[in-house]
Structure formats: structure tokens, C-alpha cells
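Reckoned from all heavy atoms, side chains included, excluding hydrogens, waters and symmetry mates.
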Amino acid sequence: MATAPYTAVIAVCFSVLATAASFGGNPLAHPALNPVTPLPTPSHPPVTLVSGGVPQFVLMWDSAAERARDASGREFRSVREAVRTLRREIGFCTGKEVEVVDTGETPVSQLRTVILVGASGIDPSSLPPEGFVVTTCSNGVRIAGATLWGAYDFIERFLGCRYYYPGPDGSVRPSCTNLVLAPCAYTDAPRFRNRDGGFNPDLATVSRTLGTPLVRASISDWRAASRIARTVPFSANHSPEPRAWAASHPEWMGLSFLRRPDGGFYYCPTNHMKNYFDVTNLDFADALVEGLARDDTPEGHRRQGFTICDARTVVFGQCDSFRTLEEMRANPVVKREGLITDANVALGPCGYFSDIYGRFYQRLAERLNERLPGRRLILMPYAGCTYAPTQERFRRLPDNVELCVCLPKVPRFIRNPQVRDLMVRELHRWTEVIGGRPVQQIWTYNAFNSPFEQAVANEFLPETIAAFGKDLGDTGIIVDLGLYPVTLPGQCIPFHFYYETYCAFRALWGGARFNPEAALDEHWTLFYGSEAGAHLRELHRILKDAFLAVSVPATRVRSLYPVETLDRIEAELAAARRILEHDKSAPAWRRFRLMAHPLEWELDRQRRRHAVPEPRKEVYFVAGEEPPP
């Protein structure tokens, strides 16, 4: 979990700060950055922050106050990290080291400018969680509230820095000679409280992907620049883990696991996807609660396979993607209780088992309330129970339930009107099931093993957030940034599509306000220069247009694009390569190789697919497998 990026009250005041961004308009309205809310403009002369390449300010912070907050057991480290970040990034932009002063060592009266803690005149309790304020003043600039987030916003908005992936090649830091700020003030806060997107790359894989050894701090700094954090306890997963549950409770095997048609159990200790809990058996719900109550400690819950969120939360979820409608219709309990109706069948595969699960969820939540009152139950509707129950008797869950709903066709197909209407309708139906409260988290999907579609899919995340409106709460979105890296085994797929990953994390902060088209449009020139950037901008436009024309209407991943489209993709890649390969020691060349690698792989695959007839019927593959080209 990321360090909490907020403190009681923090003001960062420096009489000068570095470089202006290349954007020539009002920095508060920069289209490539998340929009902010302007505050009343302060009255004072313009503030000179950098003159002749030399910063005209010092940074000040109260280290004693920071240590006192640390000792309290709360992770209020935002001031320290904000100062460290400002000093580092301003140094990159100006080539000069910025002085940092401690209020306990130097009287404020002797300084041109200060960083104040608790004396900014801004009441932190008036700000939303993780909210910050940036305002100029007669002797500099103040950043209050969530100072680390405010520091990065200031650096991006006024210095023009951008952070696309970890390491030196992944950032843009313009040089700064002069910067004068007109009086301004603004505030901002995140749309979602948990913004890791389910993405936590390991150092070795990232280093291998980027082709350079990285230190852990480079990933930490990139995460902070991306505003990645988890500030509320919430988790959804396949829980309990079947093998751990079976090992802990062999006496309950018969009621825990679904029986196969041959009489055996759907239990497999070597393949997670072949395990199916028996959610037709309400005794299994009772057993889950009894197991929790018998060993009601974090270690006890973990030993039984439960995902640990916090001391008052229980998580339940499973994948039943490969249970057939015919098999479940033949189940004696399903037949006796009428748990699969024509309404379920009409919803399609994501609704076949909705009432089976609705019945089970009710029992589990009720028993948890009775046996362990005050506990919260997080449920993960997924696969065959993605959609809400259809029968009225199952359409009300107790108030101890929160949801993470796995929606299979967004953000990638949100531009398809039928998909949009269906996803919006079903999420709203879930809010009705939990008494009108919003669904706190959704799990969205990218494009699996389809690089052409992975190259554009996350740009539709702001539209998805806008479509769900108030039915989607403020906890978070799990973003499938590349959970199926068959295309490039052993690689960190999200960094090959770093531009889409950038859009995803900016949308988790800004929500529907974020403009991915503007963010990407500026990036091509910043990262590759005007000439090569123009070709890569056109390449991206071709990929997006083809996705909207071919994949979205068919709601199909791994779509085969027309030969003419492949020719245009190949031509733009070749043009950019010719420009950039003249200097293979330059960052732009390494960046190009990173982003071009999966696109070239897919281009070759699609050429080969055109060379052989398409299969006459759909063939479904187990998750993680890839069909032959």
C-alpha cells in the first residue's frame, strides 16, 4: 500500500519555482492535464520563480512536526516526500540545487520564502480526502493538504514535466531559464480513493522490459507521479483460495465443492481455474462463516485462504467461467428451487447463474451478520453471475454487503451503444440490490492478447466512468492493464503500452474530466520530436479508427483488420523508425523500440492470419492460452 499522501495542514511556500510548461495558455486549463477547480485569485504582483536559470527561492519544512506525526503511528509523510520531489525535479529542470531549510534551524524572518506546516490559513478538514490547494502569494507559492499530489501537479502544470514510465527514458523534464507566475489559486482531489488499478509490477520484470537496470526508487517515484495509492481498505478477489480452504477443512469437502457429472468434485490442487465452490449449497455459506468464526484472526483467515482486506471485512468471489448452462440446469437444487429461468438465459452467459449466486449471497451475508456482527462482506460478481439477480426474492442483499462488479466489455467497447446501455443498466440493477447504494468498485477489461486493441482500449476509461455516473462509488477501478501477456512472455506489458497506462492512471484521478486525446496528442511530440511524433500520432489515429470501425461494432477482441489498414500501420512505423534509428543512443529510439515491439508482433500475426482462411465457428480457449494465428 502506498504511503498516505496527505497531512493535517501543509503549506509549501517558495518565492520562486522553475520552468513554464510548453502550453501557452492558462496553465489551470491545460487540456492535457486533469482539470482543476479555480479558487478566488489572490491579489499581489506576479511572482518570479526562476530568473536566468537560477531558482530564486528556498524550500522550508518543519521536520520536528513531521517526526511527531510519524511517531503517532499515522503515515503522514507527504511533506517530506513533497520537498524531496520538488527539490529533485526543479534541480533537473534548472540544473541548480535548491536549498532546503528546516524551520527549527533557521528563523523564518531570515528567509525569502518558506514551507509552512499548520500555518497556511487553509483548513485541511475543508478539503476532500487527498485534496490539495495550490496558491500563489506575495512571496511565492503555497501547497496545502495532500502536498505530494499538489507538488506533482505543480511540477507538471508549471514546469511542463511528464512521467510516462519508470527510469530516465520514461520522463520529460524541460529545461527552465525563466518563469514568472501570474497570481492564481486552485484545488483538486481524486475521483477514486484506490488508484493502483490492480497493478504492482516487480523490479526485475520492469527492468527486463525497459532494457535497463532500475533501482526500486525509480518505480516508487513513477508510482507517486502517477498518483498511485490505496487509501481505503477494499479488496476483491477469488476468495477463499480453494486449495487453502480444502486443506483447512477436509471435513467440509462434500459441501464446499460442486460435484461433477461423474460424481467427483470440481477440486484441483494444481489448476486454480478448475476449482468450483458449490454455491447451490447454502450449508457451504454457513461453513464459510463458521470457519471464520472458529479462527477469527488475520492469520486464521489467511490460513483458510481468505483475501485479507482489514479486520472487519470478509471477501468472497470465484470464477465459474467454464460451467455450462446445461450442466447447471441439471443440478438438483437448481431444478428444485427454480434458480435458472428464461430471464437468466435471456441475459446471456453473464447472467445464467445470477439467481444461483443471489440466493447464496443472501445466506452468506445474513449468517455473517448473525455470527460476526459488524463485519463487512465484499462480493465479486463475475463470469456467470456478473449481472444482478432477476428474481425478486433474491434482489435485496443485507446492508453489510459491498460490491466489486466485473464488467466484461468496458472500457474497450463503451462506444457500442448496446454494450453501453447493457453495462449501465446492469450496474444500476446492482445498486438496487444493495438498497440504492453505489457499487464501490468495478473490474474492467482491456483487450487480452490483442496489441492493436491494447494500444487504445484504456482511452475509453473516462467515458466509462461518465456513463456509470453516481452508480459507481469512489473506491476504485481495477484496470486490466495486461493480465494476459502471451504476446511477450516475461515482459511487463503495461509499459509497452505506457501511453495507455498513463491514460488509465490519470483517469483514476480525474475520472470523466480527464481528456486522453489531448494527453496523448502532446505526448507524441514531447517524447519523439515533431517529425517522428507526427508519424506516431498518425499511427495511433489509424489504430483507434480501426478499433472503432472493426472491433467495437462486433464487440470482439483479436479482430482481424483489413490489409489496407495493416499497410498504413506498417508505413507509419517504418517512417518513424527511419527518423529515429539515426541515433540509436538517444532516449527516443529506446522509447520507440519499447512501444513498437508488440505492434510489430501483431502486425506479423495479422499478416499470417490473412494468409489462411478464418475458422468457420468460434473456438473458445482457456484463459492464458492463445489461439494459433
Side-chain angles (χ1 to χ4, degrees), residues 21-24 31-32 160-165 167-174 209-211 447 450-460 482 487-488 491 493-504 506 515-552 559-607 610:
S22 57
F23 174 64
C161 297
R162 299 291 184 269
Y163 308 93
Y164 298 110
Y165 59 83
D169 288 352
S171 301
V172 174
R173 296 178 172 101
T209 301
L210 302 182
S450 179
F452 286 171
E453 293 157 350
Q454 283 177 304
V456 300
N458 282 324
E459 293 168 53
F460 302 101
T487 53
L488 301 169
Q491 296 282 295
I493 294 298
F495 291 137
H496 284 287
F497 302 100
Y498 66 84
Y499 42 96
E500 292 298 298
T501 301
Y502 178 87
C503 287
R506 291 313 184 275
N515 183 345
E517 290 187 0
L520 291 179
D521 187 63
E522 73 157 11
H523 139 268
W524 299 115
T525 299
L526 286 175
F527 231 36
Y528 299 100
S530 58
E531 192 177 3
H535 288 289
L536 295 176
R537 184 181 291 107
E538 177 63 14
L539 166 67
H540 192 75
R541 188 189 66 78
I542 293 168
L543 289 170
K544 190 170 183 179
D545 286 350
F547 177 72
L548 291 172
V550 179
S551 301
V552 170
S559 296
L560 182 62
Y561 290 173
V563 172
E564 295 78 7
T565 299
L566 302 183
D567 291 342
R568 294 170 65 201
I569 291 170
E570 187 170 29
E572 297 300 338
L573 279 170
R577 184 184 300 106
R578 284 193 297 270
I579 295 165
L580 296 172
E581 67 184 356
H582 291 299
D583 186 359
K584 293 186 177 181
S585 65
W589 171 252
R590 295 190 292 273
R591 295 163 179 166
F592 173 75
R593 293 306 307 140
L594 179 70
M595 63 88 64
H597 188 176
L599 300 181
E600 292 169 343
W601 186 95
E602 179 65 13
L603 184 64
D604 176 68
R605 182 170 71 164
Q606 295 227 359
R607 295 284 195 197
H610 273 288

Enquirer: Could you walk me through whether Glu517 and Lys544 pass salt bridge (charged side-chain N to carboxylate O under 4.0 Å, His left out), step by step?
Expert: CA-CA 11 Å; Glu517 290 187 0; Lys544 190 170 183 179; 3.2 Å; yes

Enquirer: Just do the ring pair (Phe, Tyr, Trp, His ring centres under 6.0 Å) check on Tyr528 and Phe592 with the steps written out, would you?
Expert: CA-CA 8 Å; Tyr528 299 100; Phe592 173 75; 7.0 Å; no

Enquirer: Considering non-hydrogen atoms only, spot the tightest contact between Ala518 and Pro31 and give its length.
Expert: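 In terms of heavy atoms, the two residues are closest at CB-O, 3.3 Å.
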
Enquirer: Charged N to carboxylate O under 4.0 angstrom, Arg537 versus Glu522?
Expert: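 Looking at Glu522 together with Arg537, the answer is no, because their closest N to O distance does not fall below 4.0 Å.
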
Enquirer: Parallel, tilted or perpendicular: which fits the ring planes of Tyr498 and His523, with parallel below 30° and perpendicular above 60°?
Expert: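 Correct class here is perpendicular.
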
Enquirer: For a side-chain contact (heavy atoms from CB on, under 4.5 Å) check, start with the C-alpha distance between Leu548 and Val456, then their side-chain angles and the critical distance, and finish with the verdict.
Expert: CA-CA 10 Å; Leu548 291 172; Val456 300; over 6 Å; no

Enquirer: Would you say Phe452 and Ser559 make side-chain contact, with heavy atoms under 4.5 Å?
Expert: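 Phe452 vs Ser559: side chains apart.
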
Enquirer: Which heavy-atom pair separates Ala576 from Leu536 by the least distance, and what is that distance?
Expert: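 Heavy atoms only, the tightest pair is CB-CD2, 3.7 Å.
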
Enquirer: What are the two closest non-hydrogen atoms of Leu566 and His610, and how far apart are they?
Expert: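 Heavy atoms of Leu566 and His610 come nearest at CD1-CD2, 3.7 Å.
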
Enquirer: Are the side chains of Pro562 and Val550 in contact, using a 4.5 Å heavy-atom criterion?
Expert: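 Yes, their side chains come closer than 4.5 Å.
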
Enquirer: Which distance, rounded to the nearest 0.5 Å, do you find between the OH of Tyr561 and the CG of Leu543?
Expert: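 It comes to 7.0 Å.
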
Enquirer: Are Phe547 and Phe460 an aromatic pair, judged by ring center distance below 6.0 Å?
Expert: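 Distance test on ring centres: under 6.0 Å, yes.
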
Enquirer: Are any non-hydrogen side-chain atoms of Trp524 and His535 less than 4.5 angstrom apart?
Expert: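 Side chain of Trp524 against side chain of His535, heavy atoms only: no contact under 4.5 Å found.
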
Enquirer: Check Arg607 with Asp567, please: is the shortest side-chain N to carboxylate O separation under 4.0 Å?
Expert: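 Result for this pair is yes, salt bridge flagged.
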
Enquirer: Go through the side-chain N and O atoms of Glu602 and His597 and say whether any donor and acceptor fall under 3.5 Å apart.
Expert: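 Short answer, no.
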
Enquirer: Let me confirm one number: the OG-OH distance from Ser171 to Tyr165, rounded to the nearest 0.5 Å.
Expert: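 Between atom OG of Ser171 and atom OH of Tyr165 there are 9.0 Å.
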
Enquirer: How long is the gap from CZ on Arg578 to CD on Glu531, to the nearest 0.5 Å?
Expert: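 These two atoms lie 10.0 Å from each other.
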
Enquirer: Could you check if a side-chain atom of Pro168 sits within less than 4.5 angstrom of a side-chain atom of Pro587, using non-hydrogen atoms only?
Expert: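 Not touching, per the 4.5 Å side-chain cut-off.
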
Enquirer: Quick check for you: to the nearest 0.5 Å, what is the distance between Leu210 atom CG and Phe495 atom CZ?
Expert: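 It comes to 6.5 Å.
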
Enquirer: Determine whether Tyr502 and Arg162 make a side-chain contact, defined as any pair of heavy atoms from C-beta on separated by less than 4.5 Å.
Expert: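 In contact.
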
Enquirer: Please name the pair of heavy atoms, one in Arg506 and one in Tyr163, separated by the smallest distance, quoted to 0.1 Å.
Expert: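 Looking at all heavy atoms of both residues, the closest pair is NH2-O, 3.9 Å.
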
Enquirer: Any chance you could measure Leu599, atom CG, to Leu539, atom CG, to the nearest 0.5 Å?
Expert: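 So the gap between those two atoms works out to 6.0 Å.
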
Enquirer: May I ask you to check whether Arg590 and Ser585 show a side-chain donor-acceptor distance below 3.5 Å?
Expert: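 No.
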
Enquirer: Is it true that Glu600 and Arg593 make a salt bridge, defined as a side-chain N closer than 4.0 Å to a carboxylate O?
Expert: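 The answer is yes: the pair qualifies as a salt bridge.
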
Enquirer: Take Glu459 and His540 through the side-chain hydrogen bond (donor to acceptor under 3.5 Å, both in side chains) test and state the conclusion after the steps.
Expert: CA-CA 12 Å; Glu459 293 168 53; His540 192 75; 2.5 Å; yes

Enquirer: Looking at OH of Tyr499 and CG of Leu520, how far apart are the two atoms once the value is rounded to the nearest 0.5 Å?
Expert: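 Interatomic distance, Tyr499 OH to Leu520 CG, rounded to 0.5 Å: 9.0 Å.
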
Enquirer: Do side-chain atoms of Glu572 reach the backbone of Glu538 as a donor and acceptor pair under 3.5 angstrom?
Expert: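 No; judged by distance alone, with no hydrogens or angles, the pair does not exist.
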
Enquirer: Spell out, as yes or no, whether a donor-acceptor pair under 3.5 Å connects the side chain of His496 to the backbone of Pro598.
Expert: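 No, His496 side chain to Pro598 backbone: no donor-acceptor pair under 3.5 Å.
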
Enquirer: Taking all atoms of both residues into account, what is the closest heavy-atom pair of Glu500 and Ala457, and its distance?
Expert: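 Reported closest heavy-atom pair: OE1-N, 3.5 Å.
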
Enquirer: What orientation do Tyr164 and Phe527 show, parallel under 30°, tilted 30 to 60°, or perpendicular over 60°?
Expert: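 If you compare the ring of Tyr164 with that of Phe527, the planes turn out perpendicular.
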
Enquirer: Do other residues, nucleotides or ligands put more than 12 heavy atoms under 6.0 Å from the CD atom of Glu581?
Expert: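 Check passes, neighbour count above 12.
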
